[in-house]
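Notes follow once the structure below has been shown.
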Amino acid sequence: MKSQGWLTPQCLARRVEKALEAQARSSSTIYSYSARTSHPRCSRSSNGVLHQSSPSLRRPFTHTTPRSQRPSADDPAFTSILDNPPELVRTGRRHGPGLIILAIIPVTAFLLGTWQVQRLGWKTELIAKFEDRIVREPLPLPLRVDPDAIHDFDFRRVRARGRYRHDQEMLVGPRMRDGEQGYMVITPLEREGEGSTVLVNRGWINKKFRRQQDRPAEALPKGEVEVEGLLREPWKKNMFTPENRPDKNEFYFPDVKQMAALTGSQAVWVEQTMEPDLLQAIDMESKGIPIGRPAEVNLRNNHAQYIFTWYGLAVATSIMFYMVVKKPPSDISRRVRMNKEWT
């Protein structure tokens with residue numbers, strides 16, 4: 001049993017209703033008294049005669065609903081403010097199209113990171129395969145090489161004997177080495193047998209030895225030589241490299257098929273290998289002797305960095321998306337909307 005000192009919502013609503021009725025009665029009494037004691041308003045007609053205005057046409061001071069038109073507190077259908085309170089809502093559009101873009105970014109970054117994981121596995125296996133070929137003993141290069149079989153022997157060490165055709169030498173560049181500008185020397189190696197010539201990348205020389213007459217005799221060996229190097233697939237030109245200009249003897253990238261057609265050799269590319277120490281390399285550079293490449297796999301493998309970048313971006317944007325969605329509305333964006341059913 002509840003104590004009678006407690007007020008139920010229904011009792012409180014009835015008391016509020018009675019107070020409002022008492023206020024309405026007092027307002028009606030004041031309005032009636034002021035209407036009886038106030039002077040009548042006069043208006044001037046078109047002919048100059050004054051006419052008294054009727055008190056019933058005056059605008060009322062208050063808009064209190066008559067008691068007979070308002071529901072009583074004892075009416076079962078009566079609804080008070082306690083039964084139907086106002087609602088605190090956020091008006092206007094909460095999020096715009098930027099939220100959709102923010103939701104797409106982490107998904108895209110996660111997919112790119114997963115793709116880089118696959119690329120990392122592929123590149124690691126490829127490098128391991130090439131390194132296994134390098135450590136093997138060099139093979140004698142056949143007189144005739146099938147271009148379609150070069151893919152299966154990429155980075156394979158080979159050995160060939162023949163004579164350099166210095167009259168058909170081509171320089172590819174410019175190329176940088178230890179901060180110095182220079183060129184790669186490409187010379188056809190003519191072997192015994194017709195159609196057995198191959199292209200040999202002898203190595204790098206400084207740009208001041210671009211002309212053959214500026215090089216010593218040891219930089220242009222004559223007679224039969226033996227070349228040991230790596231059999232490589234033809235290079236692929238990127239979109240930023242300009243086209244070669246064979247008519248001016250300007251080559252910006254080694255187009256193996258184009259060079260083979262100009263020199264009448266096979267489309268076979270051999271990169272001469274050597275491992276000179278520091279003093280030997282300095283001496284060769286000062287004399288204009290081409291410095292060959294070391295016998296190692298120089299393929300870049302940066303996919304681990306890409307994985308970290310893409311997955312990190314996916315995590316960061318996911319957190320940003322969660323914070324934007326769960327962000328509480330600010331005081332400016334909040335509005336109080338009254339329930340339209342409350343009277």
Kindly say whether Gln116 contributes a backbone atom to a donor-acceptor pair with the side chain of Trp310 at under 3.5 angstrom? no

So does Phe253 get a backbone contact from the side chain of Asn244, meaning a donor-acceptor N/O pair under 3.5 Å? yes

Closer than 3.5 angstrom, by distance alone: can the side chain of Arg215 be matched with the main-chain N or O of Gly288 as a donor-acceptor pair? no

For Glu224, what residues pass the salt bridge (Lys or Arg N to Asp or Glu O under 4.0 Å) criterion, not counting sequence neighbours? Arg161

Flag, side chain of Thr273 to backbone of Glu228, donor-acceptor distance under 3.5 Å: yes

Measure from NZ or CZ of Arg232 to the centre of the six-membered ring of Phe155 and say whether it is under 6.0 Å with the direction within 45° of the ring axis. yes

Do you know which two heavy atoms are closest between Tyr252 and Glu243, and how far apart they sit? CD1-O, 3.3 Å

Please name all residues satisfying side-chain hydrogen bond (donor to acceptor under 3.5 Å, both in side chains) with Asp132, sequence neighbours left out, ordered by chain then number. Arg136

With sequence neighbours excluded, tell me which residues meet salt bridge (Lys or Arg N to Asp or Glu O under 4.0 Å) with Glu131. none

Out of Arg293, Arg156, Arg202, which residue meets the salt bridge (Lys or Arg N to Asp or Glu O under 4.0 Å) rule with Glu271? Arg293

Minimum heavy-atom separation for Leu189 to Ala160, with atom names? CD2-CB, 4.0 Å

Taking Arg191's backbone N and O only, do any of them form a donor-acceptor pair with Ser196's side chain (distance below 3.5 Å, no angle check)? yes

